Participant: 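Handing you a structure now.
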Amino acid sequence: MPLDEPRVTTTHTDPAGPVAGAPHLVLKSEVAWAGEQQRVFWLDRTRTTIGSHDSCDVVLPDLEALHAVVFRDDADEFLLERRAPDTRVHGAVVMTTATLRTGARIELGPHSFAYSREEHADHGRPFGGREGGEVGHQRSQPPRRSQAEQDAGR
């Protein structure tokens with residue numbers, strides 16, 4: 001493919017598949033100093049569980065055993081599902097689920113995270129992102145191929 005052609009035409013056809021846009025959570029540190037490494041949790045599973053129980057994908061102290069779940073829905077959006085009362089996105093209490101966008105501030109108990117995903121995959125928009133801003137009108141991307149179609153190479 002020539003370098004001047006876009007690599008990605010839709011989020012569904014990104015070669016990275018379900019992890020298109022490298023979705024991840026960054027744990028905010030209360031104390032930062034030079035050379036400190038931030039903890040990054042990659043959202044490379046269908047569902048990522050967060051809590052204090054050892055069976056969770058992200059284990060942190062001072063949370064409920066299963067505090068929240070981050071999952072990707074059929075529209076290729078990442079959502080945070082509340083499983084414990086002290087769950088907020090941008091300071092607002094999450095009642096059931098909240099859609100995550102790059103820069104979302106997630107608060108679970110005493111812990112704060114920032115959610116991030118590359119622009120081309122963050123909005124479910126075709127052809128490399130949104131045109132005309134958040135309310136721009138453009139055609140939707142085609143439906144995601146089924147797993148059987150992907151396995152058959154169609």
Side-chain angles (χ1 to χ4, degrees), residues 6-130 133-136 140-141 143-151:
R7 182 178 72 85
V8 177
T9 57
T10 70
T11 57
H12 302 325
T13 58
D14 189 316
V19 293
H24 60 280
L25 298 174
V26 178
L27 181 63
K28 178 185 172 195
S29 175
E30 294 300 321
V31 179
W33 60 86
E36 179 186 23
Q37 295 291 319
Q38 292 181 305
R39 290 180 67 185
V40 176
F41 302 97
W42 298 98
L43 303 174
D44 55 0
R45 301 168 183 242
T46 304
R47 299 170 56 82
T48 300
T49 56
I50 305 169
S52 60
H53 194 272
D54 289 340
S55 66
C56 289
D57 301 311
V58 176
V59 179
L60 294 169
D62 303 320
L63 294 179
E64 296 295 325
L66 177 58
H67 203 99
V69 177
V70 177
F71 66 96
R72 188 173 58 93
D73 69 6
D74 292 337
D76 202 40
E77 300 283 3
F78 277 82
L79 289 91
L80 177 77
E81 179 182 6
R82 170 189 163 164
R83 294 293 184 94
D86 196 7
T87 303
R88 299 175 181 271
V89 173
H90 293 300
V93 173
V94 175
M95 299 310 289
T96 53
T97 62
T99 301
L100 301 177
R101 296 278 186 251
T102 293
R105 180 175 38 101
I106 300 167
E107 298 167 23
L108 304 177
H111 303 285
S112 293
F113 300 84
Y115 167 81
S116 184
R117 188 177 187 197
E118 293 175 16
E119 179 73 15
H120 78 270
D122 192 34
H123 298 281
R125 304 285 188 182
F127 314 110
R130 51 190 175 180
E134 202 58 51
V135 295
S140 295
Q141 62 186 8
R144 177 177 287 127
R145 297 183 306 160
S146 70
Q147 187 62 49
E149 289 173 322
Q150 291 178 40
D151 292 343

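Small disclaimer: the values here were computed from a predicted structure and weren't measured.
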Participant: Any chance you could measure L100, atom CG, to H90, atom NE2, to the nearest 0.5 Å?
Facilitator: 8.5 Å
Participant: Just by modelled atom types, is the K28 backbone N or O under 3.5 Å from a matching donor or acceptor in the H111 side chain?
Facilitator: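 It does not hold such a pair.
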Participant: Looking only at heavy atoms, what is the nearest atom pair of L63 and S52, with distance?
Facilitator: O-OG, 2.9 Å
Participant: To the closest 0.5 Å, what do you measure between OG1 (T87) and CG (L108)?
Facilitator: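 Going from the OG1 atom of T87 to the CG atom of L108 covers 5.5 Å.
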Participant: Could you walk me through whether R72 and T46 pass the side-chain contact (heavy atoms from CB on, under 4.5 Å) check?
Facilitator: CA-CA 6 Å; R72 188 173 58 93; T46 304; 5.9 Å; no
Participant: Say you draw a straight line from CZ of R83 to CG of L66; how long is it, rounded to the nearest 0.5 Å?
Facilitator: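 The CZ atom of R83 sits 5.0 Å away from the CG atom of L66.
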Participant: For C56 and A65, work out which heavy atoms get closest and say how close.
Facilitator: SG-O, 3.2 Å
Participant: Go through the steps for L43 and L25 under the test side-chain contact (heavy atoms from CB on, under 4.5 Å), then give the verdict.
Facilitator: CA-CA 7 Å; L43 303 174; L25 298 174; 4.2 Å; yes
Participant: With side chain to side chain contact (heavy atoms under 4.5 Å, CB included) as the test, pick out the partner of F41 among V26, L27, T48.
Facilitator: L27
Participant: Ignoring hydrogens, what is the shortest heavy-atom contact between R117 and T102? Give both atom names and the distance.
Facilitator: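 Between these two residues, the closest heavy atoms are O-OG1, 2.6 Å.
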Participant: How many angstroms lie between atom CZ of F78 and atom OH of Y115, to the nearest 0.5 angstrom?
Facilitator: 5.0 Å
Participant: Might you point out which heavy atoms bring R105 and G91 nearest each other, and give the distance in Å?
Facilitator: NH2-N, 3.7 Å
Participant: How long is the span from the CD atom in E81 to the NE2 atom in H67, to the nearest 0.5 Å?
Facilitator: 12.5 Å
Participant: May I ask you to decide if the ring planes of W42 and H24 are parallel, tilted or perpendicular, using 30° and 60° as cut-offs?
Facilitator: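 Rings of W42 and H24: tilted, as their planes differ by 30° to 60°.
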Participant: For the residue pair V70 and I50, establish whether any side-chain heavy-atom pair is separated by less than 4.5 Å.
Facilitator: yes
Participant: Once rounded to the nearest 0.5 Å, what's the spacing between atom OG1 of T97 and atom CG of L80?
Facilitator: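 Going from OG1 on T97 over to CG on L80, the span is 8.5 Å.
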Participant: Could you pull out the closest heavy-atom pair between E107 and S112, with the gap in Å?
Facilitator: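 Between these two residues, the closest heavy atoms are CG-OG, 3.8 Å.
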Participant: Provide the closest heavy-atom pair for V89 versus I106 in the form atom of the first, atom of the second, distance.
Facilitator: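 For V89 versus I106, the nearest heavy atoms are CG2-CG1, 4.3 Å.
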